Amino acid sequence: MHIDSILSEQEIAAIEKEVAKLPMPKAACIEALKIVQQHRGWVSDDSLQLIAQHLQMSTAELDSVATFYNLIFRKPVGRHVILLCDSISCYVMGYEKIYEGLQRQLQIGFGETSPDGRFTLLPNACLGTCDHAPALMIDQDTYPDLKPEQLEAILNTYP
Amino acid sequence: MEKPLTQYINPNRPALHLKEYERVGGYSALRKALTMAPKDITNMVQEADLKGRGGAGFNTGMKWSFVPMDPDIGTKYLIANADEMEPGTFKDRLLMEGNPHQLIEGMIIAAYAIQANVSFIFLRWAYKKAARLLEQAIAEAYDAGYLGRPMGSTGYQLHLHLHTGVGRYICGEETALLNALEGKRATPRLKPPFPQISGLFGRPTIVNNVETLCNVPHIVNNGPDWFKALSNSGDAGTKLYGVSGRVKTPGIWELPLGTPMDQLLEDHAGGMQDGYRFRGALPGGASTDFLVTEHLKINLDYKSVASAGSRLGTGTMVVLDDRTCPVGFVHNLEHFFAQESCGWCSPCREGLPWTEKILRSIEDGRGTIQDLEILEQHTIQLGPGRTFCALAPGAMEPLQSALKYFREDFESHISQKKCPWR
């Protein structure tokens with residue numbers, strides 16, 4: 001596992017840019033968590049401690065923030081994160097069939113990572129793509145109007 | 001029919017960049033606003049009766065008028081609430097992806113009216129394209145001197161920052177949003193004090209929805225009477241209405257406020273898909289009461305929808321069809337609300353998971369007739385005035401109306417010991 005004992009120069013520069021916009025350093029802690037997660041994939045206990053020290057706040061306080069937000073990952077995730085919308089419009093339009101398809105293809109359920117470390121599958125609240133339901137996101141990309149038979153081709157584009 | 005908000009939004013071409021936006025009159029409202037006294041802009045918006053488009057429907061100008069205007073008051077903030085996470089809602093996405101400068105111009109005018117010098121857009125994480133386009137547009141506005149530099153003879157200047165969230169529906173609640181922006185857990189705050197007096201970092205703050213702010217330049221350009229005349233009802237302006245579910249052409253349309261429900265469903269959403277019948281709809285997102293067939297003729301304005309026992313909410317409708325189980329539908333909603341409860345107050349933290357579990361057991365054929373009474377008690381115990389914020393009362397709206405309109409479906413699950421749709 002990739003554990004750095006210090007924040008990288010890039011991480012610090014990005015965090016400081018956010019700190020500059022706000023009246024006190026710790027107000028930038030969500031931005032800092034996002035930045036470190038972007039560089040390291042997730043936020044380990046070690047990373048958490050580094051951020052807390054940098055922002056002059058306690059690790060416990062930072063963890064209380066980190067664990068509140070579902071898109072800050074406090075456990076390792078796969079190289080790609082799949083967020084499947086399970087909210088109402090996607091329910092009506094059949095997201096359950098998409099979920100079944102993903103389970104078949106990846107042999108994992110919600111909250112799990114494929115054994116090869118390629119994908120983590122998570123449910124997500126409404127993605128705001130309700131007129132093109134069902135929908136999912138993989139990393140930065142949104143896939144609307146999904147049909148189960150499209151899944152294989154879509155997943156193949158994420159090595 | 002005028003469509004001020006969406007006239008320059010065309011899904012088949014990229015959003016207007018700064019020069020194109022200026023060519024069609026963009027930022028002229030800002031120039032006009034800067035010649036006016038801040039108080040006069042607030043009065044104009046109040047007179048136009050621009051109601052908040054995020055769901056609550058409060059008069060925007062009146063909200064601004066609560067901000068202290070003492071010149072020595074110090075830092076004040078203006079925030080665009082772009083944390084669009086109400087299930088079934090996708091209207092602000094269109095405005096931000098389609099014409100980001102319209103939002104920025106609206107924000108600068110609003111900030112000038114309350115004399116705020118720092119502003120934020122609180123954008124939900126999933127809106128990647130909107131984030132990219134807003135970043136570009138903000139950079140263009142800085143380069144052009146609309147942001148970051150004193151403007152004209154007023155000396156007024158504004159900074160604008162984009163903050164993207166990291167999930168959680170509760171961040172859309174305005175005081176929870178303030179906590180999230182301060183780098184805290186997004187639990188709502190006790191009111192009073194209201195954010196207008198003590199908001200972000202304890203400073204006077206206005207939080208307005210994206211669609212609300214996008215209306216501001218048009219009101220400044222054309223005046224309150226023009227704005228009122230856009231509507232078919234007692235509520236002023238146009239509204240972005242959306243429809244999702246088993247209709248032929250789901251989508252978003254800018255229509256006069258007060259457009260009849262059947263017209264929205266038939267003329268715009270194309271009616272139900274073949275083989276599906278309409279059973280009901282949530283008129284304004286997941287936290288609004290069902291409307292059913294008897295309501296199809298009502299006008300979709302704040303007052304008429306309230307008289308029919310629901311709320312206009314965000315104006316984006318989710319349709320329930322006859323091949324979708326109403327119990328499963330409501331279970332899906334309550335699963336969402338239970339998951340998204342911030343856990344701060346007991347009725348919400350404990351009551352919503354209980355509600356979800358009962359609905360699950362009914363859907364799985366393990367329900368009893370007493371469960372319906374327990375659900376009904378929840379709709380009272382988690383109702384308005386009994387919780388810290390509006391999340392749990394909102395969660396009870398679709399449940400209480402489902403128990404009323406689809407009661408026989410709940411009962412058939414219990415008597416047949418299974419879901420008749422599965």
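Predicted model, so just to flag it, every value in this text is computed and none were measured. Residue numbers start from 1 in every chain, and the chains themselves are labelled A, B, ... in the order their sequence lines are given, proteins ahead of strands.
With a threshold of 4.5 angstrom between heavy atoms, B:C171 approaches chain A through side-chain atoms but not through N, CA, C or O. Contact of B:V319 with chain A is made through the backbone alone, with heavy-atom distances under 4.5 Å. Both the backbone and the side chain of B:R168 have a heavy atom closer than 4.5 Å to some heavy atom of chain A. Of the two parts of B:T89, only the backbone, made up of N, CA, C and O, holds a non-hydrogen atom closer than 4.5 Å to a non-hydrogen atom of chain A. In this structure, chain B has a heavy atom under 4.5 Å from the side chain of A:Y95, while its backbone stays farther away. Both the backbone and the side chain of B:A186 come within contact range of chain A, judged by heavy atoms closer than 4.5 Å. Contact of B:L200 with chain A is not made at all, since no heavy-atom distance falls under 4.5 Å. For B:E340, the part lying near chain A is the side chain, with the backbone staying farther off; criterion is any non-hydrogen pair under 4.5 Å. Proximity to chain A (any heavy atom under 4.5 Å) is shown, for B:E84, by neither the backbone nor the side chain. Using a 4.5 Å cut-off between heavy atoms, B:D321 contacts chain A through its side chain alone, with no backbone atom that close. Both the backbone and the side chain of A:M93 come within less than 4.5 Å of a heavy atom in chain B. Using a 4.5 Å cut-off between heavy atoms, B:Y276 does not touch chain A at all. Interface residue B:F329: backbone and side-chain heavy atoms are both found under 4.5 Å from chain A. With a threshold of 4.5 angstrom between heavy atoms, B:K184 approaches chain A through N, CA, C or O but not through any side-chain atom. Neither the backbone nor the side chain of B:T249 has a heavy atom closer than 4.5 Å to any heavy atom of chain A. Residue contact with chain A, scored on non-hydrogen atoms closer than 4.5 Å, is absent for B:R323.
For the pair B:R124 and B:Y127, the cation-pi criterion (under 6.0 Å, within 45° of the ring axis) is fulfilled.
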CA sep, side-chain torsions, deciding dist, call: A:L83, A:L121, side chain to side chain contact (heavy atoms under 4.5 Å, CB included): CA-CA 6 Å; A:L83 300 175; A:L121 178 58; over 6 Å; no
Pair A:N70-B:W125, side chain to side chain contact (heavy atoms under 4.5 Å, CB included): steps then yes or no: CA-CA 11 Å; A:N70 58 301; B:W125 179 91; over 6 Å; no
Which is it for B:F201 and A:M24 under the side chain to side chain contact (heavy atoms under 4.5 Å, CB included) test, yes or no, and what are the steps along the way? CA-CA 10 Å; B:F201 302 111; A:M24 62 210 51; 4.1 Å; yes
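Interface check for chain B: of the options A:C130, A:S89, A:P123, the most heavy-atom pairs under 4.5 Å are formed by A:C130. The candidate with the highest count of non-hydrogen atom pairs below 4.5 Å against chain B, out of A:T129, A:V65, A:D141, A:I72, is A:V65. Across B:R93, B:H159, B:H335, the residue that shares the most heavy-atom pairs under 4.5 angstrom with chain A is B:R93. The candidate with the highest count of non-hydrogen atom pairs below 4.5 Å against chain A, out of B:G245, B:G242, B:C325, B:G183, is B:G183. Residue with the most contacts toward chain B among A:V92, A:I88, A:L22: A:I88 (heavy-atom pairs, distance under 4.5 Å). Of the listed residues (B:G251, B:G328, B:G343, B:A286), the one with the most heavy-atom contacts under 4.5 Å to chain A is B:G328. Taking chain B as the reference chain and counting heavy-atom pairs below 4.5 Å, the highest number among A:C29, A:S64, A:A133 is found for A:S64.
By the neighbour-count criterion of 12 heavy atoms within 6.0 Å, atom NZ of A:K26 is sparsely surrounded, having that number or fewer from other residues, nucleotides or ligands. For A:Q10, the CD atom is loosely surrounded, since the number of other residues' heavy atoms within 6.0 Å does not exceed 12. Atom CD of A:Q103 sits in a crowded spot, with more than 12 heavy atoms from other residues, nucleotides or ligands closer than 6.0 Å. Counting non-hydrogen atoms of neighbouring residues, nucleotides and ligands closer than 6.0 angstrom, the NZ atom of A:K17 reaches no more than 12 such neighbours. In this structure, A:E9 places its CD atom where only 12 or fewer heavy-atom neighbours from other residues, nucleotides or ligands lie under 6.0 Å away. Environment of CH2 in B:W421: crowded, with over 12 heavy atoms of neighbouring residues, nucleotides or ligands closer than 6.0 Å.
Using cut-offs of 30° and 60° on the angle between ring planes, the pair A:F110 and A:Y99 is parallel.
Outside the 6.0 Å centre-distance limit, the rings of B:H163 and B:F120 are not counted as a close aromatic pair.
A salt bridge is defined here as a Lys NZ or Arg NE, NH1 or NH2 lying under 4.0 Å from an Asp or Glu carboxylate O, and A:R79 with A:D139 fails to meet this definition.
Side-chain polar atoms of B:T164 and A:K34 form a donor-acceptor pair below 3.5 angstrom.
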